[in-house]
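Down below is the structure, laid out as structure tokens.
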Amino acid sequence: MNPTDNKGKVLLFNTLSKRKELLSPIVPDHVGLYVCGPTVYGEPHLGHARPAVTFDLVFRYLTHIGYKVRYVRNITDVGHLEHDADEGEDKIAKKARLEQLEPMEVAQYYMDSYHKAMDALNVKNPSIEPRASGHIIEQIEMVQKILDKGFAYVSDGSVYFDVEKFDKTFGYGKLSGRVLSELIANTRELDGQSEKRNPADFALWKKAAPEHIMRWNSPWSVGFPGWHIECTAMSTKYLGEQFDIHGGGMDLLFPHHESEVCQSTVANGKSSVRYWMHNNMITINGQKMGKSLGNFITLNEFFTGSHKMLTQAYSPMTIRFFVLQAHYRGTVDFSNEALISAEKGMEKLYAAERHLDKLKAGAQSTEDINAWVERCYEAMNDDFNSPKVIAELFEASRIINAVKDGHATLTAEDVETLKHYYRVFFFDILGMKPETANVADKYSEAMNKVMDLVLSIRQDAKANKNWAISDKIRDELNAAGITVKDTKDGAEWSL
RNA sequence: GGUCUCUUGGCCGAGUGGUUAGGUACCGGUCUGCAAAACCGUUGACUCCAGUUCGAAUCUGGAAGAGACCUCCA
């Protein structure tokens, strides 16, 4: 039983083919993984947690079974176009003006906030976290490349991708299943449309309006890159013209990822992504989360319980566990009831983990531990089926408790195997971490209460002149490293 | 309206054409001075209709419902 035996056995659902495919990296033993990261202009929320946790699982598992994974997750800090009231205004620029801050100050603030939330969720840092603002040159070069190949045109300082020409040459909509003629029929009147030859065309470079704060020089105008070009430019730079996995939320499938396909196909001569993976959305009480719906809950609000829809605080690990208890391609619905039941289940798994070191070996095994390990790997190999893995951990916790209570026995070898793989799957692969800080707080809080209680019992004994009890308490506490001093104002204690 | 996805027991959620998912809740029992934990057991499901099949929650067709994207948000 060797983790690396699972290389070449990983099935993943490819949005492009709509079926599970065997992961076969372009470069043997190496996997290139690109995931669309956050736009840093707001507090991190559940919508950020889902893809981060999902692809953290992918990253952790592929690494565990021996692949060298280069995981690139970008930071979008040049904002996206806004098509409503503020014409062509950059999201980050808008927020910046409202708060009277430099745009990059805002981006920095929310990027830090995002990183803190990711740390809390025990999401590993990607191998490279490139910022869009740091790759303006690469983006300009790619736009120029697309222009040179004749699949884009300049219109009043902006550059647009010629979708119709792309459709005739390569076929448009392979990823999202959109048909160009239907798209055109359904397109609304939007900003910049008059500059476009075709309403389905999308911007590669946008000329900045006078009030637009974030702006860079380019051969076409002072402006900013289009919505989709950063991912293509940065994934090409760090993972090559062709790479293995591109991930992101399902909502990015169209138009973002479809546009990425267009851009890379023209710029690099081929569609760069082998496997497209999309995580499903999150709903709250059955409704989608949106600022306008009043059910927009940030991660910090979950961690502190400070939102009117939450009946209690939920630790970062509860959120992570809850996300992992559903398969990444299904929607996840958050409700207090569901979170509480997840929290209880999670605590059961932590309790079982604590019992592992106390297990005593027997002469023979009444449980098949090797088969259990196999099932765990099979679940992960089958499109990262974390809910199945969690179910297997519950099965293991049943075994652990049974051995502890003497209802089952395991050989010394099986005890070691169980210990090892329980921790591998719970901590290393699912990425659960002991909430040590939390635990320490709970301990010190409980300690204070215990000492209050003990000292009040001693006070009662002294009041009754029961010196034997009061001295015993003081001496025994002293022996345990706790010094008790009687003062005028009552007893004090210190460690 | 278009494209796509989904519909499993009180709640959350895996899944294979025939065999217990699992968690949580509830109920009964063991254990415990009481309680908790743990363990054992019971109850409870596959949206509806039709078809294929010896047999379908699992395949096919249809209906209903929900959600996502097309429009700010992952």
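Proteins get letters first, then strands, A, B, ... in listed order; numbering begins at 1 in each. Side chains are part of it too, since the values below use all heavy atoms of this structure and drop only hydrogens, waters and symmetry mates.
- If you check every strand for non-hydrogen atoms under 4.0 Å, A:Ser335 touches nothing.
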Fill in: Contact letters for nucleotides 22-27 of chain B, in which S counts primed atoms plus P, OP1 and OP2 and B counts the base, heavy atoms under 4.0 Å
SBSS--
Fill in: A:Phe425 vs A:Tyr377, ring-ring contact (aromatic ring centres under 6.0 Å, His included): CA-CA, chis, key distance, verdict
CA-CA 9 Å; A:Phe425 279 95; A:Tyr377 278 109; 4.9 Å; yes
Could you list the protein-to-nucleotides 64-69 of chain B atom pairs, N/O on both sides, closer than 3.5 Å?
unit_1	atom_1	unit_2	atom_2	d
B:rC69	OP2	A:Lys288	NZ	3.2
B:rC69	O2'	A:Phe254	O	3.2
B:rC69	O2	A:Arg178	NH2	3.3

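- Comparing the same atom, P, in B:rG61 and in B:rU52 gives a spacing of 15 Å after rounding to whole Å.
- Checked by atom type, the side-chain pair A:Ser155/A:Ser158 shows no donor-acceptor distance below 3.5 Å.
- At a cut-off of 3.5 Å, with distance as the only test, no side-chain donor of A:Tyr160 or A:Asn198 sits close to an acceptor on the other residue.
- Among the nucleotides B:rC39, B:rA14, B:rU5, the one closest to the side chain of A:Asn401 is B:rC39.
- Remark: nothing in residues 111-130 of chain A comes within less than 4.0 Å of RNA chain B through any heavy atom.
- Applying the ring pair (Phe, Tyr, Trp, His ring centres under 6.0 Å) criterion to A:Tyr172, with sequence neighbours excluded, gives no partner residue.
- Listed by chain and residue number, A:Phe334 satisfy the ring pair (Phe, Tyr, Trp, His ring centres under 6.0 Å) test with A:Phe302 (two or more places apart in sequence, or in another chain).
- Under a cut-off of 6.0 angstrom, the local environment of CZ in A:Arg215 is crowded, with over 12 non-hydrogen atoms contributed by other residues, nucleotides or ligands.
- Side chain to side chain, A:Thr76 and A:Glu230 meet the donor-acceptor criterion of an N or O pair below 3.5 Å.
- Within the 4.0 angstrom heavy-atom criterion, only backbone atoms of the sugar-phosphate kind lie near A:Asp333; the bases stay farther away.
- For residues 372-393 of chain A, the salt bridge (Lys or Arg N to Asp or Glu O under 4.0 Å) pairs, not counting sequence neighbours, are A:Lys20-A:Asp382, A:Arg329-A:Asp383, A:Arg375-A:Glu392, A:Lys388-A:Glu392.
- Side-chain contact of A:Ser133 with A:Asp77: a donor-acceptor pair under 3.5 Å is present, judged by distance alone.
- Sequence neighbours left out, the pairs with a member in residues 50-60 of chain A that pass side chain to side chain donor-acceptor pair (under 3.5 Å) are A:Asp56-A:Arg60, A:Asp56-A:Arg320.
- Within 4.0 Å (heavy atoms only), A:His45 reaches at least one base atom of the nucleic acid.
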Table of protein N/O atoms under 3.5 Å from nucleotides 40-42 of chain B N/O atoms:
none

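- Phosphate proximity of B:rA14 to A:Asn385: absent, as no side-chain N or O sits under 4.0 Å from OP1 or OP2.
- Listed by first and then second residue, the salt bridge (Lys or Arg N to Asp or Glu O under 4.0 Å) pairs that reach into residues 159-180 of chain A are A:Asp162-A:Arg197, sequence neighbours excluded.
- Residues A:His407 and A:Val179 both approach RNA chain B. Their nearest nucleotides, taken by heavy-atom distance, put A:Val179 toward the 5′ side.
- Projected onto RNA chain B by closest heavy-atom contact, A:Asp405 and A:Pro387 fall at different nucleotides, the more 5' of which corresponds to A:Pro387.
- A:His257 and A:His278 share a side-chain donor-acceptor pair at under 3.5 Å.
- Within the structure, side chain to side chain donor-acceptor pair (under 3.5 Å) contacts touching residues 116-126 of chain A (residues at least two apart or in different chains) do not occur.
- Stem regions annotated for RNA chain B: B:1-7 with B:64-70, B:10-12 with B:22-24, B:27-30 with B:38-41, B:47-51 with B:59-63, counting only runs of 3 or more consecutive pairs of Watson-Crick or G-U type with both contacts under 3.5 Å.
- Within the 3.5 Å criterion, the main-chain N or O of A:Thr311 finds a donor-acceptor partner in the side chain of A:Asn336.
- Across all strands shown, A:Leu393 has no heavy atoms under 4.0 Å from either base or sugar-phosphate atoms.
- Defined by atom type and a distance below 3.5 Å, a donor-acceptor pair is present between the side-chain atoms of A:Glu129 and A:His115.
- Under the rule for a salt bridge (charged side-chain N to carboxylate O under 4.0 Å, His left out), the partners of A:Glu367 that lie at least two apart in sequence or sit in another chain are A:Arg398.
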